[in-house]
Amino acid sequence: MNQVFITSWKDLPAPLAGSVAAAEASFIESLPHSGGLPFKVSPYFASLAGPEPGDPIRRQFLPHPAEALPDPFALQDPLGEALHKASPRLIHQYPDRALLLAGGSCAGYCRYCFRRRWIGQPKGFIRGEELRPVLAYLKAHPGIREILISGGDPLVAADALLAGLFSALREARPGILLRICTRVPITQPGRLTGESIALLKAFRPLRMVIQSNHPRELAAPAQEVLRACVDQGIPVHVQTVLLRGINDTAAVLTALFRACLDLGLTPYYLFQLDLAPGTAHFRVPLKTGLALYREVKGRLSGLGLPVYAVDLPGGGGKIHLHEGVIAGEREEAGARVYLLQGPGGKLWPYPADTP
Ligand code: SF4
């Protein structure tokens, strides 16, 4: 399915294009020269946005000059994925699962994305010579029971490419769980035709992990494809990124998680923001996040409550967040950092506030 994406602010729907301030326009136009994350949004997702500068959908895809502000804590590879590369397309950090960087593009670029160094580059969908070492590694490591297929967003690829990839993975490792990490049901639901959903169903055991950050993203077209996936027996889990000014209130988060439950989706993780360059203006201070999570927990049943978590900056792995993980604090790079307790008791600094 050919989809035309919006890559110039001038092509946004009229009320939105008219709302782009001069500083935003010149920042967007500078991105191809500065090497910043390109601007790209699907016409569908743009249609969900309002023209107000603080609109929670608009802010997720419209580049803002704040991306150029210095952040002493920014890391080019915030999760330290390069430390765990088993092949150029495969990351193996945890014993029972591995991450495949299947594609290099998405149905729009989220301005807070932690993998912004990888996406938007002309890498394309994984090819035979890149897949061969992945398959060999999976065969040699039977302890890997789950393969996370990510990128970029794998579901922007054509069904035939997906079928080829899934078949190759299953041939190498029959029964391995396929975990599809995607934002397509939210940003480009029209991409998921009945045939696409049937393809996903044919490769069960397969789980879909989507990302949704605001209840307004769960508009009727998204609801329709997500219901269809659930009806076809495809479990759908939801990851949410905690974003300042977008979903950092108990009311918004509660509404989002309730809407997920109503659709038969499982709220899975609420993520504290990773320290990617150009994203500090989206960061919710950690203690604010903890207080918010406590409040949301008081409002929701366990079924609707995701786990609040962070990937320790620089490759420490994922930990669940609660007051007990803050083992201390100190000054670093002229700012306050909390020391978070990672696996084995190792301490990892995470900024206490935003720059
Ligand atoms: S869809 Fe995922 S990988 Fe793509 S830009 Fe958004 S957060 Fe990043």
Side-chain angles (χ1 to χ4, degrees), residues 3 5-7 28 31 35-46 48-49 56-64 67 74-79 81-82 89 91 99-126 148-157 162 179-192 207-214 216-218 222 225-226 236-244 246-247 256 268-283 306 309-311 318:
Q3 165 81 49
F5 292 100
I6 298 171
T7 55
I28 295 168
L31 289 172
L37 180 67
F39 168 51
K40 177 179 174 185
V41 63
S42 70
Y44 165 78
F45 199 56
L48 298 183
I57 309 292
R58 183 189 192 272
R59 284 198 58 218
Q60 291 186 61
F61 67 77
L62 197 76
H64 190 276
E67 292 178 32
L75 298 169
Q76 290 298 331
D77 178 15
L79 271 55
E81 291 182 326
R89 294 276 191 156
I91 316 282
L99 169 78
L100 178 66
L101 300 167
S105 65
C106 307
Y109 296 132
C110 313
R111 305 315 301 176
Y112 49 83
C113 178
F114 75 84
R115 212 174 273 137
R116 56 201 290 138
R117 205 168 55 122
W118 171 270
I119 61 167
Q121 308 296 320
K123 291 192 184 68
F125 198 73
I126 188 165
L148 284 69
I149 303 174
S150 185
D153 195 319
L155 294 191
V156 296
L162 294 173
R179 191 201 294 195
I180 313 297
C181 308
T182 179
R183 194 152 155 74
V184 158
I186 298 297
T187 53
Q188 195 196 2
R191 153 71 186 91
L192 289 181
R207 286 171 184 255
M208 197 187 272
V209 178
I210 68 163
Q211 184 202 117
S212 180
N213 302 321
H214 195 278
R216 265 180 41 207
E217 294 176 356
L218 295 171
V225 295
L226 289 166
V236 181
H237 305 263
V238 184
Q239 298 190 152
T240 299
V241 185
L242 184 59
L243 296 165
R244 189 162 78 184
I246 290 175
N247 60 12
L256 172 62
Y268 180 35
Y269 274 123
L270 172 66
F271 279 118
Q272 178 68 18
L273 198 71
D274 299 311
L275 305 182
T279 63
H281 56 299
F282 287 115
R283 201 154 72 222
V310 69
D311 280 286
K318 194 176 276 82

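Keep in mind the model is a prediction, meaning the values are calculated, not measured. Both ligands and their constituent atoms are indexed starting at 1 by order of listing.
- In this structure Y269 satisfies the ring pair (Phe, Tyr, Trp, His ring centres under 6.0 Å) test together with F271, sequence neighbours excluded.
- C113 SG, 2.4 Å is the protein heavy atom nearest to atom 8 (Fe) of ligand 1.
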Open item on the list: One pair to check against side-chain contact (heavy atoms from CB on, under 4.5 Å): R111 and H281. What are the steps and the verdict?
Closed with: CA-CA 10 Å; R111 305 315 301 176; H281 56 299; 5.7 Å; no

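- Side-chain atoms of R191 come within 3.5 Å of backbone N or O of L155 as a donor-acceptor pair.
- Between the CG atom in L48 and the NE2 atom in H214 there is a gap of 11.5 Å [rounded to 0.5 Å].
- Short contacts between ligand 1 and C106, defined as distances under 4.0 Å to a heavy atom of the residue, involve ligand atoms 1 (S), 3 (S), 4 (Fe), 5 (S).
- Residue contacts with ligand 1 do not include R116, since none of its heavy atoms lies under 4.0 Å from the ligand.
- Atoms of ligand 1 lying under 4.0 Å from any heavy atom of Q211, numbered from 1 in the order shown and given with element: 7 (S).
- A 4.5 Å side-chain heavy-atom check between T240 and Y268 finds every atom pair outside the cut-off.
- Residue-level proximity to ligand 1 for I119 is carried by the side chain, the only part with a heavy atom below 4.0 angstrom.
- Look at C110 and atom 6 (Fe) of ligand 1: an N/O/S atom of the residue is under 2.8 Å from the metal.
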